[in-house]
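In this text the structure is predicted, and so the values were computed from the model without any measurement.
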Amino acid sequence: MTKDICSKKMALVEKLGVHLESRENLAPVAARIMAYVILTGKRGTTFDEMVTVLQASKSTISTHLNHLQDLKKLEYFTKTGDRKKYFIINKDSVLHHINEMIKEWEEVATLHKEMKAYKEAINVHITDEEEKFDLTFHNDYLRFVEDASASIENLKENLIKNKFNL
């Protein structure tokens, strides 16, 4: 890998690491490990490679790797004749994240439907058109959630059917 690509990868590891640290509630090093594994892809990355690239001690990397495996965020595979473990993202953790997104969107959509129904009921009793609730936002938001949910369901199905590797 060229020096330019390596520096871009490490900058992205840092940026993605900060995001994962917040979203997944991970320690900084654990988040950087996840980011590095994500950006390394299906070839996997070894313990020694992470120690070198992430410039952390063996015990620190080991502790966080074990934690990430316990959380089922990472898994590993081995290669015939090679005693090393190659760490990759656990596809099930991605599916879990997708399912959590869908669940949250469904909950918010339900709230918007209830608010919209309430406002529609109130609007019936309001005679002054200027005072009636505008339902455009709720309609647009519900349409967005429906479209986004359909799209993420498609992504989920493709992941389940192994149409792509992480």
Subject >> Qualifying ring-ring contact (aromatic ring centres under 6.0 Å, His included) pairs with a residue from residues 103-135, counting only residues at least two apart or across chains >> reply: His112-Phe137, His112-His138, His112-Tyr141

**OP:** With sequence neighbours excluded, give me every salt bridge (Lys or Arg N to Asp or Glu O under 4.0 Å) pair touching residues 67-81.
**Re:** Glu24-Lys73

**OP:** Please assess Lys42 against Ile88 for the test side-chain contact (heavy atoms from CB on, under 4.5 Å), listing each intermediate value before the final yes or no.
**Re:** CA-CA 6 Å; Lys42 63 184 174 183; Ile88 57 174; 5.6 Å; no

Original post:
Looking at CD1 of Ile33 and CG of Leu54, how far apart are the two atoms once the value is rounded to the nearest 0.5 Å?
Top reply: 6.5 Å

Subject >> By salt bridge (charged side-chain N to carboxylate O under 4.0 Å, His left out) - contacts of Glu146 (at least two apart) >> reply: none

Original post:
How far does CE of Met34 sit from CD1 of Ile89, to the nearest 0.5 angstrom?
Top reply: 4.0 Å

Original post:
Nearest heavy-atom pair of His64 and Ala27: which atoms, and what distance?
Top reply: CE1-CB, 3.6 Å

Original post:
For Asp92, which residues count as a side chain to side chain donor-acceptor pair (under 3.5 Å) partner, sequence neighbours excluded?
Top reply: none

Original post:
Linking I/L/V/M/F/W/Y whenever any side-chain heavy atoms sit under 4.5 Å apart, do Met115 and Ile126 land together?
Top reply: no

Original post:
Taking all non-hydrogen atoms of both residues, which atom of Val37 and which atom of Phe87 are closest, and how far apart?
Top reply: CG1-O, 3.7 Å

Original post:
In chain order, what residues pass the side chain to side chain donor-acceptor pair (under 3.5 Å) check against Glu14, with sequence neighbours excluded?
Top reply: Arg32

Subject >> Residues forming a salt bridge (charged side-chain N to carboxylate O under 4.0 Å, His left out) with Asp140, sequence neighbours excluded >> reply: Arg143

Original post:
Is any side-chain heavy atom of Lys85 less than 4.5 Å from a side-chain heavy atom of Thr46?
Top reply: no

**OP:** State the CG-CD1 distance between Leu16 and Ile38, to the nearest 0.5 angstrom.
**Re:** 5.0 Å

Original post:
Is Ile152 linked to Leu95 within one hydrophobic cluster, defined over Ile, Leu, Val, Met, Phe, Trp and Tyr using a side-chain heavy-atom separation of less than 4.5 Å?
Top reply: yes

Original post:
Side-chain heavy atoms under 4.5 angstrom apart, residues restricted to Ile, Leu, Val, Met, Phe, Trp, Tyr: same cluster for Ile122 and Leu111?
Top reply: no

Subject >> Approximate separation, where rounding is to 0.5 Å, of Thr78 OG1 and Tyr86 OH >> reply: 9.5 Å

Original post:
Any donor and acceptor pair, going by atom type alone, linking the side chain of Ser149 with main-chain N or O of Val145 inside 3.5 Å?
Top reply: yes

Subject >> Pair Leu68-Leu26, side-chain contact (heavy atoms from CB on, under 4.5 Å): steps then yes or no >> reply: CA-CA 9 Å; Leu68 291 168; Leu26 294 172; 4.0 Å; yes

Subject >> Residues Asn139, Lys116; criterion side-chain contact (heavy atoms from CB on, under 4.5 Å); working and verdict >> reply: CA-CA 8 Å; Asn139 293 331; Lys116 180 182 169 192; 2.7 Å; yes

**OP:** Taking Thr52 for its side chain and Asp48 for its backbone only, find out whether a donor-acceptor pair lies under 3.5 Å.
**Re:** yes

Original post:
What residue pairs, at least two apart or across chains, pass salt bridge (Lys or Arg N to Asp or Glu O under 4.0 Å) with a residue in residues 100-109?
Top reply: none

Subject >> Shortest non-hydrogen separation from Ala35 to Gly17 and the atoms involved >> reply: CB-N, 3.8 Å

**OP:** State which residues pass side chain to side chain donor-acceptor pair (under 3.5 Å) with Ser59; sequence neighbours excluded, sorted by chain then number.
**Re:** Ser57

**OP:** Any pair with a residue in residues 7-51 that passes ring-ring contact (aromatic ring centres under 6.0 Å, His included), sequence neighbours left out, goes on the list, sorted by first then second residue, please.
**Re:** none

Original post:
What distance do Leu74 atom CG and Asn66 atom CG have between them, rounded to the nearest 0.5 Å?
Top reply: 10.5 Å

**OP:** Only pairs at least two apart or in different chains count here, so list each salt bridge (Lys or Arg N to Asp or Glu O under 4.0 Å) that has a residue in residues 125-138.
**Re:** Glu129-Lys132

Original post:
Is Asn25 atom CG crowded by more than 12 heavy atoms from other residues, nucleotides or ligands, each under 6.0 Å away?
Top reply: no

**OP:** Check step by step if side-chain contact (heavy atoms from CB on, under 4.5 Å) holds for Glu120 and Val124.
**Re:** CA-CA 7 Å; Glu120 286 172 331; Val124 170; 6.0 Å; no

Subject >> Residues forming a side chain to side chain donor-acceptor pair (under 3.5 Å) with Lys156, sequence neighbours excluded >> reply: Asn99

Original post:
Take atom CD in Gln55; do more than 12 heavy atoms of anything else shown fall under 6.0 Å from it?
Top reply: no

**OP:** Working to the nearest 0.5 Å, report the span between OG1 of Thr63 and NZ of Lys58.
**Re:** 13.5 Å

Subject >> For Lys8, all residues meeting salt bridge (charged side-chain N to carboxylate O under 4.0 Å, His left out), sequence neighbours excluded >> reply: Asp4

Original post:
Is any NZ, NE, NH1 or NH2 atom of the basic residue among Arg43 and Glu49 found under 4.0 Å from an Asp or Glu carboxylate oxygen of the other?
Top reply: yes

